[in-house]
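Read the structure below first, then the notes.
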Number of protein chains: 2
Amino acid sequence: MNQRQFVAGGKSGDGGGRPGKNGDGPKRHEAIYQSISDAIIEHRLKPGARLREDALAEVFGVSRTGIRKILQRLALEQLVTLTPRRGASVTRPTADEAKDVFDARLMVECGLMPEIARRITADDLAALRDMARRERQALKAGEQSTAIRLSADFHTRLASISGNATLADFVERLCSRSSLILAVYGNAGHLGCESHDHDDLIGYLEAGNGERAEAFMGRHLKAIEASLSIHVEEDEAPDLFEIFSG
Amino acid sequence: MNQRQFVAGGKSGDGGGRPGKNGDGPKRHEAIYQSISDAIIEHRLKPGARLREDALAEVFGVSRTGIRKILQRLALEQLVTLTPRRGASVTRPTADEAKDVFDARLMVECGLMPEIARRITADDLAALRDMARRERQALKAGEQSTAIRLSADFHTRLASISGNATLADFVERLCSRSSLILAVYGNAGHLGCESHDHDDLIGYLEAGNGERAEAFMGRHLKAIEASLSIHVEEDEAPDLFEIFSG
DNA sequence: GGGGCACAAAGCGTATACAATGATCGGCAT
DNA sequence: ATGCCGATCATTGTATACGCTTTGTGCCCC
């Protein structure tokens with residue numbers, strides 16, 4: 001809450017093609033970060049895709065230095081994997097990581113529900129309803145990318161209502177990683193959250209029924225996890241011994 | 001001082017006085033990161049302390065580039081605060097952040113207890129007991145810095161037993177931030193965890209009693225939080241409007 | 001005498017250059 | 001012909017150089 005966005009006024013003048021020397025830095029980097037992050041979350045960049053530094057630098061019109069910074073941030077959020085001399089690539093979550101992420105979501109998102117039910121306002125409800133509606137629209141229109149992102153946004157926004165910035169941030173990261181997990185282990189056509197689930201959840205929250213919301217969220221997350229086809233394919237380190245020793 | 005970088009390459013066409021270009025990079029950066037992180041956690045760098053890039057670069061014998069990377073990583077873990085044109089400083093947690101961190105710990109560390117009790121092994125118990133013993137020793141010897149770090153290590157190690165790397169990592173971060181919070185709001189002489197608390201907890205875990213361990217951890221964390229003197233001093237962004245407009 | 005403005009110094013943000021490393025491909029020996 | 005070895009290439013990692021913003025101080029004007 002103390003993000004102190006320093007809008008260093010003055011002449012920002014994001015002058016088009018010319019790479020601004022300085023001054024518009026943070027805003028521009030944040031935008032680039034969002035672009036890449038969104039592309040990953042929306043599955044436009046698929047797990048395993050390589051992210052070459054100079055290619056990204058050229059695309060966004062900044063130097064490799066800035067790209068490196070962004071890549072490292074994404075690596076800390078585990079959206080990209082940084083292999084020491086090989087560069088960056090979109091993280092391909094393992095089955096274990098997938099389980100960890102969903103266990104964590106189960107614990108945190110459910111645990112947050114009572115507090116959320118206590119603190120939710122009419123504005124929050126309206127915003128959530130709008131997001132759920134747009135998600136349904138996107139799903140109906142076949143825009144899976146948008147739907148995935150909106151679903152993650154819904155859960156993230158929900159967590160932020162709790163007032164606990166630390167936990168909300170954690171949930172945001174978990175949702176991002178969940179998108180990645182869906183990309184690897186999800187089945188086409190049965191995408192993540194059922195659309196009416198979010199609406200039902202909103203209903204419980206509007207009624208102030210934190211306990212039912214908590215239980216529902218638990219079922220909701222378990223349903224998502226169950227819909228995944230987590231075949232433990234050891235592509236990371238194939239057990240050659242086990243495979244060929246027989 | 002360690003300005004001795006063994007450069008493996010035989011050919012060094014340019015000036016020989018240049019420090020080691022490359023080769024020991026990742027290891028060295030990790031070590032520097034640990035140094036700074038430990039110094040912050042052990043309160044040898046106090047909240048608010050400024051961390052100038054070139055000073056650190058000179059101290060550790062690397063260039064500013066590497067220091068910047070480390071500083072950004074620390075900033076993402078919220079151990080240091082990066083103000084856009086003003087550089088880095090050790091984060092001074094606000095009262096709100098402190099509450100968020102302890103609420104998060106309450107939820108996650110308690111929630112993890114049953115699983116930990118289920119999975120804990122004899123080796124884990126021995127390691128934990130050793131850590132608790134060393135913590136007691138340090139506390140008795142008056143080495144607060146060491147005691148603080150060991151206490152954080154204890155909680156972190158405990159969380160890692162759960163097998164959930166994601167949540168363990170989260171707990172590790174929360175513990176680091178807690179050290180910072182203790183530095184700001186803690187009372188001298190009544191430092192963080194009571195030493196026998198950890199031993200009691202080990203007892204419950206050894207007995208496989210996850211529920212009692214969970215309850216005890218809850219009391220433990222609440223006791224720590226209660227021992228803080230959180231006077232809401234808005235030094236971060238004093239609401240001058242609110243103060244002087246009346 | 002006090003306050004505002006200008007100049008200078010310091011420090012951060014970005015870009016570019018250079019070096020090292022891992023991968024790939026061609027040549028050579030067996 | 002095939003397998004191994006060396007050279008070249010592509011790509012990252014690090015350092016340095018330069019510009020911009022901020023801040024502190026001194027001078028001038030009121």
Side-chain angles (χ1 to χ4, degrees), chain A residues 4-33 49-76 80-90, chain B residues 2-33 49-76 80-90:
Chain A
R4 176 171 222 81
Q5 52 231 12
F6 99 97
V7 182
K11 71 245 309 20
S12 55
D14 178 8
R18 186 75 194 90
K21 286 291 187 197
N22 203 346
D24 56 349
K27 298 187 297 298
R28 178 123 190 81
H29 278 106
E30 185 65 22
I32 297 173
Y33 164 79
R50 293 192 50 175
L51 303 170
R52 285 208 347 259
E53 292 180 356
D54 51 0
L56 290 171
E58 193 173 0
V59 167
F60 290 106
V62 296
S63 89
R64 273 180 49 217
T65 309
I67 295 294
R68 287 179 68 81
K69 189 167 77 175
I70 292 164
L71 248 30
Q72 277 156 13
R73 179 171 166 193
L74 288 165
L76 256 71
V80 313
T81 301
L82 241 50
T83 5
R85 295 277 174 183
R86 306 283 303 281
S89 60
V90 179
Chain B
N2 43 11
Q3 59 195 23
R4 188 84 200 94
Q5 276 99 349
F6 45 97
V7 75
K11 55 175 306 231
S12 62
D14 53 15
R18 292 272 276 283
K21 291 288 188 206
N22 200 347
D24 54 352
K27 300 187 298 295
R28 179 125 190 80
H29 278 104
E30 186 65 21
I32 297 173
Y33 164 78
R50 294 193 49 165
L51 303 170
R52 281 193 325 162
E53 291 179 357
D54 49 2
L56 290 171
E58 193 173 359
V59 166
F60 290 106
V62 296
S63 88
R64 272 180 51 216
T65 309
I67 294 295
R68 286 179 69 82
K69 190 168 76 175
I70 293 166
L71 249 29
Q72 277 155 13
R73 179 169 164 194
L74 287 166
L76 255 71
V80 313
T81 301
L82 241 48
T83 12
R85 296 279 171 183
R86 307 281 304 282
S89 59
V90 179

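In what follows, every chain begins at residue 1, and chains take the letters A, B, ... in the order their sequences are listed.
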Can you see which heavy atom on B/Ala57 is nearest to which on B/Ser63, and at what distance?
CB-C, 3.8 Å

Length of the CD-C1' vector between B/Glu58 and C/dA10, whole Å
15 Å

By the 4.0 Å heavy-atom rule, please label B/Arg68 as base, sugar-phosphate, or nothing.
base

Closer to the 5' end of DNA chain C via nearest nucleotide, is it A/Arg86 or B/Leu82?
B/Leu82

Picking from D/dT16, C/dG11, D/dT22, which would you name as closest to the side chain of B/Arg85?
D/dT22

Using whole Å, what does the distance between atom C1' of nucleotide C/dG11 and atom CG of B/Leu51 come to?
14 Å

Whether B/Arg50 side chain and B/Arg86 backbone form a donor-acceptor pair below 3.5 Å:
yes

If every non-hydrogen atom of A/Leu74 is compared with every non-hydrogen atom of A/Tyr33, which pair is closest and at what distance?
CD2-CE1, 3.5 Å

Closest listed nucleotide, where the reference is the side chain of B/Asp54 and the choices are C/dG11, D/dT12, D/dT22
C/dG11

OP1 or OP2 of C/dT14 under 4.0 Å from side-chain N/O of A/His29
yes

N/O donor-acceptor pair, side chain B/Arg28 with base D/dG13, under 3.5 angstrom
no

Atom-to-atom span, CZ of A/Arg50 to P of D/dT11 - whole angstrom:
7 Å

Rounded to the nearest Å, what distance is computed from the CD1 atom of residue A/Ile32 to the C1' atom of nucleotide C/dG13?
14 Å

With respect to the side chain of A/Glu53, which nucleotide from D/dG13, C/dT16, C/dG22 is positioned closest?
D/dG13

With sequence neighbours left out, what residues match A/Arg64 under salt bridge (charged side-chain N to carboxylate O under 4.0 Å, His left out)?
A/Glu53

For the pair made of CD in A/Gln72 and C1' in C/dG13, what is the distance, rounded to whole Å?
15 Å

Any A/Lys69 side-chain nitrogen or oxygen under 4.0 Å from OP1 or OP2 of C/dT14
yes

Within the 4.5 Å heavy-atom criterion, are A/Leu71 and A/Leu56 side-chain neighbours or not?
yes

Between the opening five pairs and the closing five pairs of the helix from C/dG1-D/dC30 to C/dT30-D/dA1, how far apart are the helix axes, to 10°?
10°

Taking the side chain from B/Arg28 and the backbone from B/Phe60, do they hold a donor-acceptor pair closer than 3.5 Å?
yes

With sugar-phosphate meaning primed atoms plus P, OP1 and OP2, does A/Arg52 contact a base, only sugar-phosphate, or nothing at under 4.0 Å between heavy atoms?
sugar-phosphate

Evaluate whether atom CD of A/Gln72 has more than 12 neighbouring non-hydrogen atoms of other residues, nucleotides or ligands under 6.0 angstrom away.
yes

Would the base of C/dG11 count as contacting B/Arg64 through its side chain, where contact means a donor and an acceptor less than 3.5 Å apart?
no

